[in-house]
Amino acid sequence: MEYNFRDIEQKWHQRWVAMQTYKVTEDETRKKFYVLNMFPYPSGAGLHVGHPLGYIASDIYARYKRLQGFNVLNPMGYDAYGLPAEQYAIQTGQHPAITTEDNINRYREQLDKIGFSFDWSREVRTCEPGYYHWTQWAFQKMFGSFYCNKCQSAQPIEELIKHFEKEGTADLDVAQSEELSFTAEAWKAMSDVEKQQVLMNYRIAYLGETMVNWCPQLGTVLANDEVVDGVSERGGYPVVQKKMKQWCLRVSAYAQRLLDGLETIDWTESLKETQRNWIGRSEGAEIAFKVKSDGVKSEKSFTIFTTRADTMFGVTFMVLAPESELVKELTTPEQKAAVDEYLAYVKKRTERDRISDRKVTGVFSGSYAINPFTGETNPIWISEYVLAGYGTGAIMAVPAHDSRDYAFAKHFNLPIVPLVEGCDVSEESFDAKEGIVCNSPKAGVTPYIDFSLNGLTIKEAIAATKKYVKEQGLGRVKVNYRLRDAIFSRQRYWGEPFPVYYKDGMPQMIPEECLPLELPEVDKFLPTETGEPPLGNAKKWAWNTKTNNVVDCSAIDHETVFPLELNTMPGFAGSSAYYLRYMDPHNDQALVSDKADEYWQNVDLYVGGSEHATGHLIYSRFWNKFLFDLGISRKEEPFQKLVNQGMIQGRSNFVYRIKDTNTFVSLNLKDQYDVTPLHVDVNIVSGDVLDIEAFKAWRPEYASAEFILEDGKYICGWAVEKMSKSMFNVVNPDMIVEKFGADTLRLYEMFLGPVEQAKPWDTNGIDGSHRFLKKFWNMFWNKEDFAVTDEEPTKEELKALHKLIKKVTEDIEVFSYNTSIPAFMIATNELTSLKCNKRAILEPMVVLIAPFAPHIAEELWEKLGHNTSVCDAQWPKFEEKYLVEDTVKMMVAFNGKTRFGIDFPADADNATIEAAARGHELTPKYLEGKQIVKVIIVPKRMINIVVK
RNA sequence: GCCCAGAUGGUGGAAUUGGUAGACACGAGGGACUUAAAAUCCCUUGGCCAGUGAUGGCCGUACGGGUUCGAUUCCCGUUCCGGGCACCA
């Protein structure tokens, strides 16, 4: 019987739907296992062969776990809000909801062909009100919370208000935008609006006037992870810094927990390292410097942050960030003109300019600071190399031991004082944190300090200085993080609307029971003429606080009807807690019910690309920790194990056109001509041989092309590149399924190499996987008859089977699918040559292959007489006894060189083997005249005889 | 500049974590069946050398050292490729 994959796959796709094979419900009697793929953004281009790679890998794992008796949750959905649909809408007027729906349908069709075990009854789409209800709800909870540093947890804002009423800001240790200080009386005296303004300083979701990455071409702000090398990640447009009022999430409050959590989860080291870099913890000290203006000592002071407190004696100047509030305060009248000119220059420069040309620039403020350790005065400069957003926006410059300070000092001719024994700072600074400190004043020489750092190592000196700073009240020990708060507003249409209206200029949350606040219709998707976001075009976009519903904008009276927020939420909003929603996707009372949450807990295995390392995977961990603090999520980390599937690259093909002609020359002859390589569609190339007729038909200008062939063929060149339309190297999985079947595609994608590794797609090798499935199929058939007998299996057959069980089980556990497929091939070849057609062997084989090739497994399972799905079978148990041999072939080596193998009884102990070796029984001719120094026995493998 | 992960045949990649390097597959070459093609099956396939031959020898896991009876695997140094962070004080 021929292996007719088309009929088989179609039949089982229908059956699975009819039988609801993949529907899961909470079942207290079984252990849960939660497998999750990063849900896709449904782009207009559809799936290419790279997309399903991770889905196949996780599907194999999900099916395997199910066969092991776990209750497996394996859901799928769509990250449906996004820029491409909106840009398409701007160009064509087509509503993004329609484009998105079309794309989703296309994705679904393509996914269904590959035979995944997704429970589609749990599908979520981030753009549906039933889903974004809970995105808005979480945002409101963040608005209503602050972060308590003492208890390391989010708390209701009411607790903070109580604190203010009792003792003002005294004894307050919370996450905040800036440090405020007021008494309980002052708090009570504040107006409502003032109170709200104060509270905004502490909320986890807050409206903040911050420097943002503004992308004029996209007309929106971008988060830090959406900006790469000073241009937007999408589209590559320039990004400038701009001060704007935006919604922000206080992700920075969770920096330490985000860092600590990494120790508890099973992710790759490189991904954890990426997140550690992004969080960027650094331990240092904040030290206050008093200001001396025009030589007159003033009461003004400012604080700097340093990780090198030991270098206090090497400070020769101070530097402020141009955006710092201190600039205005510390600029003297004489310097004002020069400073203003400099600030204007800095303002002109984009993020990109700063990165690409690192000129040394700066201006003197006119003021001086007093070093609290020495009493010396140092000039205060202003320079763009100091960043406003990190530390305090001000530094003490130690040119001898910091390369940036060094460059600045050289450029402006400022003094350089080395502090480390034997270091040479004539050409460059000495930045290393190792060596012995020198040049610090002896104890008692200055009136300011009573100890010397000389002779200490740098590490000791840092510790000693910090201790002193703390004791003397000169400053405090401080940990800083590079991680910034996430900017949460986007000036876009196609995203979640904020459930917020404005009263007296202050944001108010619409009542929780009125959620979801649905995205309004607009007549155009561009910003308004006055530059407001696209929601400004909505006619019906105001909130009536009496009736609690959305009303027409013309009704705004600022008494009962108020304007609604015009920004929408960014892409990461919807993807931050979707794994919780899958647990209970249709619940309209809660994000997830207690019962479902208690059962499914968290994701056991998460599969997706590493490009989300500093975006989604940080935001999602933050979001989950917040929900954890609220008692919604059971586990502090949402994704226990994470596997990053490698990108599948394209394998592009090239033809070589002789310049100024329409003649194409084959690869190995091209060096004889002056040629231009051109991309050619890989779908008309097979094994690097060009289909000439298809090529002529491909483009009208090639219809009359001429060819210079080798051996009668046109051989194309090739290169590995990103898979993309413009390179003509996109391979569509539908085509592969059509030609070879889904099982072959699944097997081949896994066989290509380790899941985690990036690798080029090469359709050529797929024959091998297809041939294997045919061989596997043929084991069950004798010509046209299904021929499986109930005979007792032989020892040899059982050995082949159990070797396979062992290998496949071990491989799946560690995601090494690419090595278990050869094991299947070897076992199939062995059993075929043994002419084995016994049920006791073949039935477990079907179960073993079911995760990899579910369609063929179902068909054979049914033919074997079962009336349930193979998904409900039991994973075969491996038994060691079938692999135990009577004899063991031991390799005999002399001084490490292997000579030959010799059989020993399997139960021979080491002493017997060694005696045989020493007794010259094994190898007389090699041992003649030589002295045995030692005999090393590697169990069941080798006897190594060391001779002299 | 700092951090992380890599480098194995013509190609994708194996190697039980220190024990016969190159499994398995593709590609290539040869053969069988066939009028022919497709399909299928069999043999060869890291390099060099010796032999009619079975076979034997030497070299070989980016490069140079080291530890070990034995190193693709562990350690030190170098080169190259990929990824992350980057005026972060």
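Within every chain, numbering begins at 1; the chains are lettered A, B, ... in the order of the sequence lines, protein sequences first and strands thereafter.
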Enquirer: Can you tell me the pairing partner of U55(B) across any strand shown, Watson-Crick or G-U wobble, with both distances under 3.5 angstrom?
Expert: A50(B)
Enquirer: Does A89(B) have its OP1 or OP2 closer than 4.0 Å to a side-chain nitrogen or oxygen of S282(A)?
Expert: yes
Enquirer: What is the nucleic acid contact for R484(A), judged by heavy atoms within less than 4.0 Å: base, sugar-phosphate only, or nothing?
Expert: base
Enquirer: Report the nucleotide, chosen from C85(B), A39(B), A23(B), that has the shortest atom-to-atom distance to any side-chain atom of N277(A).
Expert: C85(B)
Enquirer: If you only use heavy atoms from C-beta on, which nucleotide in C4(B), A89(B), G27(B) is closest to the side chain of T306(A)?
Expert: A89(B)
Enquirer: Is the phosphate of A25(B) approached by Y748(A) (side-chain N or O, under 4.0 Å from OP1 or OP2)?
Expert: no
Enquirer: Using purine N1 to pyrimidine N3 plus N6-O4 or O6-N4 for Watson-Crick, or N1-O2 and O6-N3 for G-U wobble, both under 3.5 Å, which nucleotide pairs with U67(B)?
Expert: none
Enquirer: Consider the side chain of T819(A), meaning its heavy atoms from C-beta on, and name the nucleotide among G19(B), A89(B), A14(B) that approaches it most closely.
Expert: A14(B)
Enquirer: Please report, rounded to the nearest Å, how far the P atom of A89(B) is from the CZ atom of R308(A).
Expert: 11 Å
Enquirer: Measure the spacing between OG1 of T361(A) and CD1 of I382(A) and express it to the nearest 0.5 Å.
Expert: 11.0 Å
Enquirer: Classify V935(A) by what it touches in the nucleic acid, base, sugar-phosphate, or nothing, heavy-atom distance under 4.0 Å.
Expert: nothing
Enquirer: Can you tell me which nucleotide in U40(B), C4(B), G84(B) comes closest to the side chain of E269(A)?
Expert: C4(B)
Enquirer: Classify the nucleic acid contact of P760(A) as base, sugar-phosphate or nothing, counting any heavy atom under 4.0 Å across all strands shown.
Expert: nothing
Enquirer: To check you understand the geometry: which heavy-atom pair defines the closest contact between A827(A) and A800(A), and what is its length?
Expert: CB-O, 4.4 Å
Enquirer: Select one nucleotide: of A23(B), A89(B), G12(B), the one nearest the side-chain heavy atoms of I826(A).
Expert: A23(B)
Enquirer: Would a line drawn from the ring center of F408(A) to the ring center of F317(A) be shorter than 6.0 Å?
Expert: yes
Enquirer: Among the nucleotides C87(B), A25(B), A39(B), which one has an atom lying closest to any side-chain atom of Y385(A)?
Expert: C87(B)
Enquirer: Would you mind pulling out the nucleotide paired to C26(B), Watson-Crick or G-U wobble, both distances under 3.5 Å?
Expert: G10(B)
Enquirer: Nearest of C26(B), A89(B), C85(B) to any side-chain atom of R771(A)?
Expert: C26(B)
Enquirer: Which heavy atom of S769(A) sits nearest a heavy atom of Y748(A), and at what distance?
Expert: OG-CD1, 3.5 Å
Enquirer: Heavy atoms only, 4.0 Å cut-off, all strands: where does Q275(A) land among base, sugar-phosphate and nothing?
Expert: nothing
Enquirer: Output the single nucleotide from C41(B), U20(B), G12(B) whose closest atom is nearest the side chain of K775(A).
Expert: C41(B)
Enquirer: Checking salt bridge (charged side-chain N to carboxylate O under 4.0 Å, His left out) for the pair R276(A)/E269(A): CA distance, chi angles, key distance, verdict?
Expert: CA-CA 10 Å; R276(A) 283 187 202 114; E269(A) 198 40 50; 3.0 Å; yes
Enquirer: Could you walk me through whether D405(A) and Y385(A) pass the side chain to side chain donor-acceptor pair (under 3.5 Å) check?
Expert: CA-CA 9 Å; D405(A) 298 346; Y385(A) 85 88; 2.6 Å; yes
Enquirer: Would you indicate, yes or no, if U40(B) has its OP1 or OP2 atom less than 4.0 angstrom from a side-chain nitrogen or oxygen of K774(A)?
Expert: yes
Enquirer: Look at the side chain of E273(A) and decide which nucleotide, out of G13(B), A89(B), C4(B), has an atom nearest to it.
Expert: C4(B)
Enquirer: For U20(B), what is the paired nucleotide under Watson-Crick or G-U wobble rules, both distances under 3.5 Å?
Expert: none
Enquirer: If you check every side-chain atom of I936(A), which of G19(B), A89(B), C87(B) has the closest atom?
Expert: G19(B)
